[in-house]
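Counting starts at 1 for both ligands and their atoms, in listed order.
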Amino acid sequence: MEPKLFSPLELGDLTLPNRIVMAPLTRNRATLEGDAPHALHTTYYTQRASAGLIISEATQISPEGKGYIQTPGIYSDEQVAGWKTVTDSVHAAGGRMFLQLWHVGRISHVSLQPEEQAPVAPSAIAANSQTFISTGFADVSEPRALDTGEVARIVADYRKAAENAKAAGFDGIEVHAANGYLIDQFLRDGTNKRDDAYGGTPEQRSLFLAEVLEAVTQVFPPKQVGVRFSPFSDFNDMADSDPVATFAVAMARAEEAGLGYVHMVEGQMGGPRSIPNGAIDALKANYSGVYMANNAYDRQMAIDAVESGEVDLVAFGSLFIANPDLVERFRKDAPLNAPDPQTFYGGDAAGYTDYPTLEEVT
Ligand code: PHB
């Protein structure tokens, strides 16, 4: 019998034909002026339409939410139109696609911000981290702390972005609460030193997340909304004094919101799968929905994890960059193309839409 990895899963109104998910992947190929997806994006995502689900690259909800050059947005008419072309084409090819909603918070640079203002964050603590701007790599700028009264404006930006995602034809959205970006900055106590309602205990630090989830689940059915966490990653200079306590509450927020799935970066973003013993089970105890695992899974690990019932969906990043027909290759246990990290970020079709399918190489 075929492994369960290749069997369908219901998610809200959707039936995913398999449990192999294309992970959100920043590729920095949006238009230089308008941060809009274009024809190349349509080709790239359509080539990968056999995924059980495609999650788009991280997409900023507002100009302020931007932290790198040429990442796409979902706030302008041009961006919505560009994404609509992408989703129409993915749907025509038989696929399903969620948009990942992103606000980078402090991981930005004044040159990328409206009127060259400081990026915003829960607290005015600069990250020891770099971003990519028009002149190349640069240290991120020192952020300013958001006023309590400003948080509602950002929640409204998330809601508007969800409405735009709906207008652009997405089947759902994933709220990016991982990898040291704005929501993660609120969640963890290394970056959140606030003394208002949004800082303090894990409950208070997760209030911003809860408000965002409440807003976007008024736009999409909760089961067609996911959230991504990376509790054990220090990427983007993140730290927390008690990740299990912090993210147990974040998981409970996902439960309360009735979300379709939680997407977990198991270990270091783009690095080792180092997780304290028992920590994932402790987190899962707070959430009863679909569990999507990510980080350095290979075919056999994914088959075993889904077969055991520990994992419902597995998201693949670099393997999907290099193998548009990853599902087919996994099904046949066929050889895989190797990803070329030189073309991950920025550039053109090379390393983006020119990886061959099995059919093209045999
Ligand atoms: C990146 O551009 O390096 C990046 C973007 C989004 C992530 C992680 C990394 O979640």
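- Under 4.0 Å is where a charged nitrogen must lie from a carboxylate oxygen, and between Glu163 and Lys166 no such pair does.
- Pairing each heavy atom of Leu283 with each of Ala248, the nearest pair is CD2-N, 3.4 Å.
- The shell of residues lying under 4.0 angstrom from ligand 1, judged by heavy atoms, includes His176.
- In the vicinity of Asn179, heavy-atom distances shorter than 4.0 Å reach the ligand 1 atoms 7 (C), 8 (C), 10 (O).
- For atom 4 (C) of ligand 1, the nearest non-hydrogen atom of the protein is Tyr181 OH, 3.2 Å.
- At least one heavy atom of Phe235 sits closer than 4.0 Å to an atom of ligand 1.
- In this structure, the ring of Phe330 has its center less than 6.0 angstrom from the ring center of Phe316.
- Of the protein's non-hydrogen atoms, Thr26 CG2, 3.4 Å is the one closest to atom 2 (O) of ligand 1.
- Listed by number with element, the atoms of ligand 1 under 4.0 Å from a non-hydrogen atom of Trp102 are 5 (C), 6 (C).
- Side-chain contact annotation: Glu255 with Ser288, donor-acceptor N/O pair under 3.5 Å present.
- For the residue pair Asn192 and Gln185, no side-chain donor N or O sits within less than 3.5 Å of a side-chain acceptor on the partner.
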